[in-house]
Engineer: 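Quick one: the structure is below, questions incoming.
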Amino acid sequence: MSRIEGCFRGLAGARPALVPYIAAGDPSPAVTVPLMRELVAAGADLIELGVPFSDPMADGPVIQAACERALARGTDLATVLALVTEFRQHDPHTPVVLMGYMNPIERRGEDAFIDAAAQAGVDGMLVVDLPCEEAAGFNRALRARGLDQIFLVAPTTTERRLKTICGLAAGFVYYVALKGITGASNLVAGDIAPALQRIRAQTRLPVGVGFGIKTPADAAEVARSADAVVIGSALVEAIAAAADGDAAVAAAGAFLRPIREALDRSGQEWGRRTG
């Protein structure tokens, strides 16, 4: 059983998983592991760690700026894996999913990267620009090393593509709750439940929801139907507003705790849905 599967099993019938996103290396590589630890202390169940890339496709301006700052401070794929290794020295339990793009992986070599990721303690990969139609080989290599491949499902995903995605996915399926980039403001919570019902008709994996979730109220509303709530841009923005590294760590915890409290309050209703 992967750490991701174990995480969701442990939460079954209690509440949705809380999945914060941060960009590795922002505000600096030295602050990333303290940030990760603080997120866990503030209630994170799983951490989504962004791999900085110069030419993103799905990331909005807040995360793009974070990745630019991280790249300027020398954060590359090797740095990210070293940070996960450091995190694992103190936390053997919290799942870590890397979110990024194929270019850095191909530059290192897919097999070499997957081996290094497994050794570092990575649990899953979300590769934004690897379409499901071209993912079979990468998917097999990940599974052979015990890593889960997370796929995005959009509101516009066809039934045919959804079936292909669900046949490859492991860990959980990530539903993009809006037609847009990360951090967009047009989240329509009422559209989520029917979309998740459509996904669950194709898979028994948990379904997480992200893109556009900014507040405890947003998280609580999404939690009515989701198995996980993913929050990124608003958290990254709070970190960016901090004056220094220590303040960034404190800001991350202060931002996440009310989100966790909102999910805890939603737990009874969520348990009735899943029970």
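Sequence positions, counted from 1, serve as the residue numbers for this chain.
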Engineer: Decide yes or no on side-chain contact (heavy atoms from CB on, under 4.5 Å) for L142 and D148, but give the supporting numbers first.
Structural biologist: CA-CA 7 Å; L142 286 174; D148 294 333; over 6 Å; no
Engineer: side-chain contact (heavy atoms from CB on, under 4.5 Å), that's the test. Do L130 and V128 meet it? Break it down for me.
Structural biologist: CA-CA 6 Å; L130 179 61; V128 177; over 6 Å; no
Engineer: Could you go through the salt bridge (Lys or Arg N to Asp or Glu O under 4.0 Å) check for D45 and R15 one step at a time?
Structural biologist: CA-CA 11 Å; D45 298 297; R15 60 169 176 80; 2.7 Å; yes
Engineer: With salt bridge (Lys or Arg N to Asp or Glu O under 4.0 Å) as the test, would you mind laying out the steps for R257 and E261 before giving the verdict?
Structural biologist: CA-CA 6 Å; R257 284 186 177 88; E261 291 167 3; over 6 Å; no
Engineer: Where does the angle between the aromatic ring planes of F8 and F172 fall among parallel (under 30°), tilted (30 to 60°) and perpendicular (over 60°)?
Structural biologist: tilted
Engineer: P27 versus I239: any side-chain heavy-atom pair under 4.5 Å?
Structural biologist: yes
Engineer: Tell me the closest heavy-atom pair linking L98 and V84, and the distance in Å.
Structural biologist: CD2-CG2, 4.3 Å
Engineer: Does any non-hydrogen side-chain atom of I4 lie less than 4.5 Å from one of L46?
Structural biologist: yes
Engineer: Could you check V40, L35, L49 and say which one makes a side-chain contact (heavy atoms from CB on, under 4.5 Å) with F87?
Structural biologist: V40
Engineer: Tell me, with the steps shown, if I105 and E110 meet side-chain contact (heavy atoms from CB on, under 4.5 Å).
Structural biologist: CA-CA 6 Å; I105 295 171; E110 290 185 13; 4.1 Å; yes
Engineer: Just by distance, no angles: are the side chains of D123 and S2 close enough, under 3.5 Å, to form a donor-acceptor pair?
Structural biologist: no
Engineer: How far apart are the closest heavy atoms of L168 and A135, and which atoms are they?
Structural biologist: CD1-CB, 4.3 Å
Engineer: For the side-chain contact (heavy atoms from CB on, under 4.5 Å) test, which of D55, V51, D59 pairs with Y101?
Structural biologist: D59
Engineer: With no hydrogens and no angle check, is any side-chain donor or acceptor of T85 less than 3.5 Å from a backbone partner on L81?
Structural biologist: yes
Engineer: What distance do F211 atom CZ and L152 atom CG have between them, rounded to the nearest 0.5 Å?
Structural biologist: 5.5 Å
Engineer: Below 4.5 Å, heavy atoms only, C-beta onward: do S233 and Y21 meet side chain to side chain?
Structural biologist: no
Engineer: How long is the span from the CG atom in D91 to the CG atom in L39, to the nearest 0.5 Å?
Structural biologist: 11.0 Å
Engineer: Just wondering, are more than 12 heavy atoms of other shown residues or ligands nearer than 6.0 Å to CZ in R140?
Structural biologist: no
Engineer: For the residue pair N139 and R143, confirm or rule out a side-chain donor-acceptor distance under 3.5 Å.
Structural biologist: yes
Engineer: Find the distance between CG (L256) and CG (L18) and round it off to the nearest 0.5 Å.
Structural biologist: 4.5 Å
Engineer: Taking all non-hydrogen atoms of both residues, which atom of I259 and which atom of P216 are closest, and how far apart?
Structural biologist: CD1-N, 3.5 Å
Engineer: Apply side-chain contact (heavy atoms from CB on, under 4.5 Å) to the pair V122 and R145, showing each step before the final yes or no.
Structural biologist: CA-CA 10 Å; V122 172; R145 292 304 308 266; over 6 Å; no
Engineer: With sequence neighbours left out, which residue pairs that include part of residues 161-170 fulfil the salt bridge (charged side-chain N to carboxylate O under 4.0 Å, His left out) condition?
Structural biologist: E133-R161
Engineer: For E237 and K214, run salt bridge (Lys or Arg N to Asp or Glu O under 4.0 Å): C-alpha distance rounded to whole Å, both residues' side-chain angles, the deciding distance at 0.1 Å, then the answer.
Structural biologist: CA-CA 10 Å; E237 197 167 31; K214 297 183 176 183; over 6 Å; no
Engineer: Starting at CE of M102, measure out to CD of E134 and round the result to the nearest 0.5 Å.
Structural biologist: 9.5 Å
Engineer: For the residue pair V230 and I213, establish whether any side-chain heavy-atom pair is separated by less than 4.5 Å.
Structural biologist: no
Engineer: Taking the side chain as every heavy atom from C-beta outward, state whether V127 and D129 have any pair of such atoms under 4.5 Å apart.
Structural biologist: yes
Engineer: Any non-hydrogen side-chain atom of F53 less than 4.5 Å from a side-chain atom of C67?
Structural biologist: no
Engineer: Do D227 and P16 make a side-chain contact, defined as non-hydrogen atoms from C-beta onward lying under 4.5 Å apart?
Structural biologist: no
Engineer: Let me confirm one number: the SG-CZ distance from C132 to R160, rounded to the nearest 0.5 Å.
Structural biologist: 10.0 Å
Engineer: Measure the spacing between CZ of R73 and OG1 of T32 and express it to the nearest 0.5 Å.
Structural biologist: 10.5 Å
Engineer: Could you check R37 against H90 for side-chain hydrogen bond (donor to acceptor under 3.5 Å, both in side chains), going step by step and ending with a plain yes or no?
Structural biologist: CA-CA 9 Å; R37 293 175 185 163; H90 301 276; 3.2 Å; yes
Engineer: Do R108 and D115 pass the salt bridge (Lys or Arg N to Asp or Glu O under 4.0 Å) test, and can you show the C-alpha distance, the side-chain angles, and the key distance before you say yes or no?
Structural biologist: CA-CA 11 Å; R108 180 159 183 158; D115 285 345; over 6 Å; no
